[in-house]
Amino acid sequence: MGAQLRVYKRRIRSVTATKKITKAMEMIAASRIVKAQRQVAASTPYATELTRAVTAVATGSTTRHPLTTEAEAPARAAVLLITSDRGLAGGYSSNAIKAAERLTERLRGEGKEVDTYIVGRKGVAYYGFRERKVSQSWTGFTDSPTYADAKQVAAPLIEAVQTETAEGGADELHIVFTEFVSMMTQMPVDNRMLPLSLEKAQEETGTKDQILPLFDFEPSAEDVLDALLPRYVESRIYNALLQSAASEHAARRRAMKSATDNAGELIKSLSRLANAARQAEITQEISEIVGGSSALADATAGSDK
């Protein structure tokens with residue numbers, strides 16, 4: 001009985017230490033969500049206005065440009081997948097990876113080759129373990145991305161879009177990330193960044209039913225689109241990185257809260273078992289004392305006779 005009680009006490013100490021760690025991680029994630037939400041709120045208007053500007057140029061000109069023009073027979077697509085660098089965030093990374101897998105299958109079903117670009121160690125490890133080809137990857141900044149990180153990620157993607165397909169370029173650019181809806185809801189989504197769907201862009205910017213003014217472009221509409229292309233891709237990737245970071249912190253907070261609650265329940269269960277073992281030990285000791293006292297009394301009575 002004593003050995004069993006020591007086992008319960010050791011497990012209670014271990015679970016209590018784990019509970020302290022998960023509680024601390026929950027509080028850290030909760031504090032980081034606020035900052036991430038502010039960054040998302042600050043970057044979204046810029047991305048929206050940039051999309052509005054691109055839409056205005058595209059609708060006001062007849063210039064064929066990779067930013068707004070569909071390829072006649074698209075043969076290759078670039079897919080950017082955003083995951084996390086760290087674990088302990090529930091199904092955050094796995095859900096994004098599953099969304100990327102579904103997108104890849106759909107694109108290949110349409111007869112397109114897919115070049116995969118990955119942000120985050122979890123995505124890199126997933127593809128590396130399965131020995132799948134990755135065109136380029138980036139790690140180390142998923143929980144707190146900057147605009148410089150977005151520019152670094154966007155550079156090879158912009159180059160791929162501007163390169164002919166026969167030379168290894170891409171006709172389409174897709175991005176898979178986790179959209180931050182609320183503290184309790186984060187949804188993996190896949191969006192096509194290029195070529196830009198004017199109808200979808202008008203819905204996002206609220207200009208679908210508006211009559212846009214006529215513009216004169218200097219030096220030309222093509223030059224304006226060339227200038228807007230990198231800014232558009234960078235802003236979209238930056239916003240996706242920020243949304244993913246907020247989603248990661250929210251998912252980690254939820255996972256750590258669940259782990260903390262489960263640890264508390266386990267401690268209660270182990271405490272009950274330890275109390276039962278202690279009571280059983282006390283009962284056994286009392287029985288031994290009573291038995292010994294009775295045996296001693298019987299021996300004393302026998303000697304008196």
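Values below: every heavy atom of this structure, side chains too, minus hydrogens, waters and symmetry copies. Count residues from 1 along the sequence.
Here the side chain of S247 pairs a donor or acceptor atom with the backbone of Q243 at under 3.5 angstrom. In terms of modelled atom types and a separation under 3.5 Å, the side chain of S269 and the main chain of E265 share no donor-acceptor contact. D85 places a side-chain N or O within 3.5 Å of a backbone atom of T142 that can act as its donor or acceptor partner. Under a 3.5 Å cut-off, the side chain of D171 and the backbone N or O of A75 do form a donor-acceptor pair. Side chain of R86 to backbone of K122: no donor-acceptor contact under 3.5 angstrom is found. In this structure, R13 contributes its side chain and T16 its backbone to no donor-acceptor pair below 3.5 Å. Judged by distance alone, the side chain of S235 and the main-chain N or O of Y232 form a donor-acceptor pair under 3.5 Å. Judged by distance alone, with hydrogens and angles left aside, the side-chain atoms of S14 form no donor-acceptor pair with the main-chain N or O of R10 at under 3.5 Å. The main-chain N or O of T146 is found under 3.5 Å from a side-chain atom of D149 such that the two form a donor-acceptor pair.
Across all non-hydrogen atoms, the minimal contact from T185 to M187 is CG2-CG, 4.1 Å. Between R121 and T139, the closest heavy-atom pair is CG-CG2, 3.6 Å. For the pair G91 and S94, the tightest heavy-atom approach, listed with the atom from each and the gap, is O-OG, 3.1 Å. A pairwise comparison of heavy atoms in I158 and P230 identifies CD1-CA, 3.4 Å as the closest pair. Among all heavy-atom pairs drawn from S93 and T83, the shortest one is OG-CB, 3.9 Å. Closest of all the heavy-atom pairs between G90 and A255 is N-CB, 3.7 Å.
Annotation: side chain of M183 is not in contact with side chain of R254 (no heavy-atom distance under 4.5 Å). Counting only heavy atoms from C-beta outward, the side chains of H249 and D143 approach each other to under 4.5 Å. When side chains are defined from C-beta on, L229 does not count as touching R231, because their heavy atoms never get closer than 4.5 Å. At least one side-chain heavy atom of H174 sits under 4.5 Å from a side-chain heavy atom of L103. With a 4.5 Å cut-off on side-chain heavy atoms, Y117 and V134 do not count as touching.
One hydrophobic cluster, built from ILVMFWY side chains closer than 4.5 Å, cannot hold both V124 and L80; they sit in different ones. At a threshold of 4.5 Å between side-chain heavy atoms, the hydrophobic network of Ile, Leu, Val, Met, Phe, Trp and Tyr places V189 and V153 in one connected group. Under the 4.5 Å side-chain heavy-atom criterion for grouping Ile, Leu, Val, Met, Phe, Trp and Tyr, V176 is not connected to F180 through any hydrophobic cluster. Side-chain heavy atoms closer than 4.5 Å link hydrophobic residues (I, L, V, M, F, W, Y) into clusters, and following such links, possibly through other members, connects F177 to W138. Follow the hydrophobic side-chain contacts under 4.5 Å out from I118 and you reach I97 in the same cluster.
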Check your understanding: Please walk me through it: do N275 and R272 pass side chain to side chain donor-acceptor pair (under 3.5 Å)?
Key -> CA-CA 5 Å; N275 291 336; R272 285 195 293 267; over 6 Å; no
Point to revise | Full working for side chain to side chain contact (heavy atoms under 4.5 Å, CB included) between Y46 and Y238 | key: CA-CA 11 Å; Y46 175 78; Y238 182 51; over 6 Å; no
Check your understanding: How far apart are the C-alpha atoms of S137 and V119, what are their side-chain angles, what is the distance that settles it, and do they pass the side chain to side chain contact (heavy atoms under 4.5 Å, CB included) test?
Key -> CA-CA 6 Å; S137 62; V119 174; over 6 Å; no
Exercise for review: In sequence, state the C-alpha distance, the side-chain angles, and the governing distance for N239 and T44, and then conclude on side chain to side chain donor-acceptor pair (under 3.5 Å).
Suggested key: CA-CA 7 Å; N239 185 261; T44 300; 3.1 Å; yes
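Here the options are I82, D190, L81, V79, the test is side-chain contact (heavy atoms from CB on, under 4.5 Å), and the partner is I175; only I82 passes. A salt bridge (charged side-chain N to carboxylate O under 4.0 Å, His left out) with E101 is found for one member of R108, R106, R130, R132 and no other, namely R132. Screening L194, L107, V161, V114 against E172 for a side-chain contact (heavy atoms from CB on, under 4.5 Å) leaves a single residue, L107.
By the neighbour-count criterion of 12 heavy atoms within 6.0 Å, atom CZ of R11 is sparsely surrounded, having that number or fewer from other residues, nucleotides or ligands.
For A263, the side chain to side chain contact (heavy atoms under 4.5 Å, CB included) partners two or more places apart in sequence, or in a different chain, are V15, K19.
The line from CG of L242 to CD1 of I237 is 12.0 Å long, rounded to the nearest 0.5 Å. Remark: R253 CZ to T260 OG1 distance equals 10.5 Å, nearest 0.5 Å. Residue R236 holds its CZ atom at 9.0 Å from CE of M193, rounded to the nearest 0.5 Å. Atom OH of residue Y8 and atom CG of residue L273 lie 4.5 Å apart, to the nearest 0.5 angstrom. To the nearest 0.5 Å, atoms CG (L88) and CZ (R252) are separated by 6.5 Å.
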Would you mind writing out the side-chain donor-acceptor pairs for residues 27-37 within the sub-3.5 Å range, not counting sequence neighbours?
{"from": "S31", "atom 1": "OG", "to": "I28", "atom 2": "O", "distance (Å)": "2.6"}

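Cluster partners of I289, using a side-chain heavy-atom cutoff of under 4.5 Å among ILVMFWY residues and allowing indirect links: none.
Side chains of Y92 and Q186: a donor-acceptor N/O pair is absent below 3.5 angstrom, by distance only. Side-chain contact of T178 with S244: a donor-acceptor pair under 3.5 Å is absent, judged by distance alone.
Under the 4.0 Å criterion applied to side-chain N and carboxylate O atoms, K257 and E26 are not assigned as salt-bridge partners.
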